[in-house]
Q: 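Please read through the structure below; I'll follow up with questions.
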Amino acid sequence: MSVRVAILISGGGSNMVALADSMTGDHPARPCLVLSNVPGAGGLQKARARGIPTAVVDHRPFKGDRAAFEAELHAVLVQAGAEIICLAGFMRILTEGFVRRWQGRMLNIHPSLLPKYPGLDTHARALNAGDAEAGCSVHEVTADLDAGPVLGQARVPVKPGDTPDSLAARVLEMEHRLYPAVLRRFASGDRTPVNLG
Ligand code: GAR
């Protein structure tokens, strides 16, 4: 039996596509759901085109009642039979209660070399700091934002004249290689960190 993976997105879903397309052949996992908190998220259509079930849990009607939003999220994930959650550009902070329910079974990709630059605007912060390299990390999700155990990192050089956008594009290419590599290991029970670049 394949491990069932739910992928949570808020936007274009390019990491979702990389993950979904990697789960074929002898891969230990298969996508069971792509879920977005944003009804018009571009990734939803890409998931449908791949025949992956989709769901929307819009956070806005919950008006700041995070517990109620997350209860709905949890119910939809359980209904889909999810065993692993991959956050892939899912731009909602999850509370400790939700994280605890999925602890050890939830991954996130973050566009920095953690522990550097948790949170937002990672590429601008790396450029402002004069860093010579940047990258991305896949980590287990714990209650502390972007601070769970790192399961893989990929590095890219910062080039002269880089802007946050040009650096983001270079990092994103590596995200598409790193996340599938980590998920394949993780889904087979192997937490040995992956290092690329
Ligand atoms: C990716 O760069 C991902 O690392 C980032 O959002 C982008 C989503 O792109 N995630 C975060 O910043 C999480 N804090 P995608 O929708 O094309 O995968």
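Numbering of residues begins at 1 and proceeds along the displayed sequence. First listed ligand is number 1; within each ligand, the first listed atom is number 1.
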Q: Given side chains that start at C-beta, do those of Leu196 and Arg155 come closer than 4.5 Å, heavy atoms only?
A: no

Q: Measuring from Ile85:CD1 to Arg101:CZ, what's the distance to the nearest 0.5 Å?
A: 10.5 Å

Q: Write out each pair where an N or O from ligand 1 and one from the protein are under 3.5 Å apart, with the distance.
A:
residue  : atom   : partner : partner atom : Å
ligand 1 : 2 (O)  : Glu175  : OE1          : 3.1
ligand 1 : 2 (O)  : Glu175  : OE2          : 3.0
ligand 1 : 4 (O)  : Glu175  : OE1          : 2.7
ligand 1 : 4 (O)  : Glu175  : OE2          : 3.4
ligand 1 : 16 (O) : Gly13   : N            : 2.9
ligand 1 : 17 (O) : Ser14   : N            : 2.9
ligand 1 : 17 (O) : Ser14   : OG           : 2.6
ligand 1 : 18 (O) : Ser14   : N            : 3.3
ligand 1 : 18 (O) : Asn15   : N            : 2.9
ligand 1 : 18 (O) : Asn15   : ND2          : 3.0

Q: Nearest 0.5 Å, what's the SG-CZ distance between Cys86 and Phe186?
A: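 Going from the SG atom of Cys86 to the CZ atom of Phe186 covers 8.0 Å.
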
Q: Mind listing the side-chain donor-acceptor pairs of residues 38-46 below 3.5 Å, one per line with the distance, residues two or more places apart or on another chain?
A:
residue : atom : partner : partner atom : Å
Gln45   : OE1  : Arg48   : NH1          : 3.1
Lys46   : NZ   : Gly12   : O            : 2.7

Q: Show every side chain to side chain donor-acceptor pair (under 3.5 Å) that has at least one partner inside residues 69-87, sequence neighbours left out.
A: Glu70-Thr95, His74-Trp102

Q: With sequence neighbours excluded, tell me which residues meet side-chain contact (heavy atoms from CB on, under 4.5 Å) with Arg92.
A: Asn37, His59, Phe69, Phe90

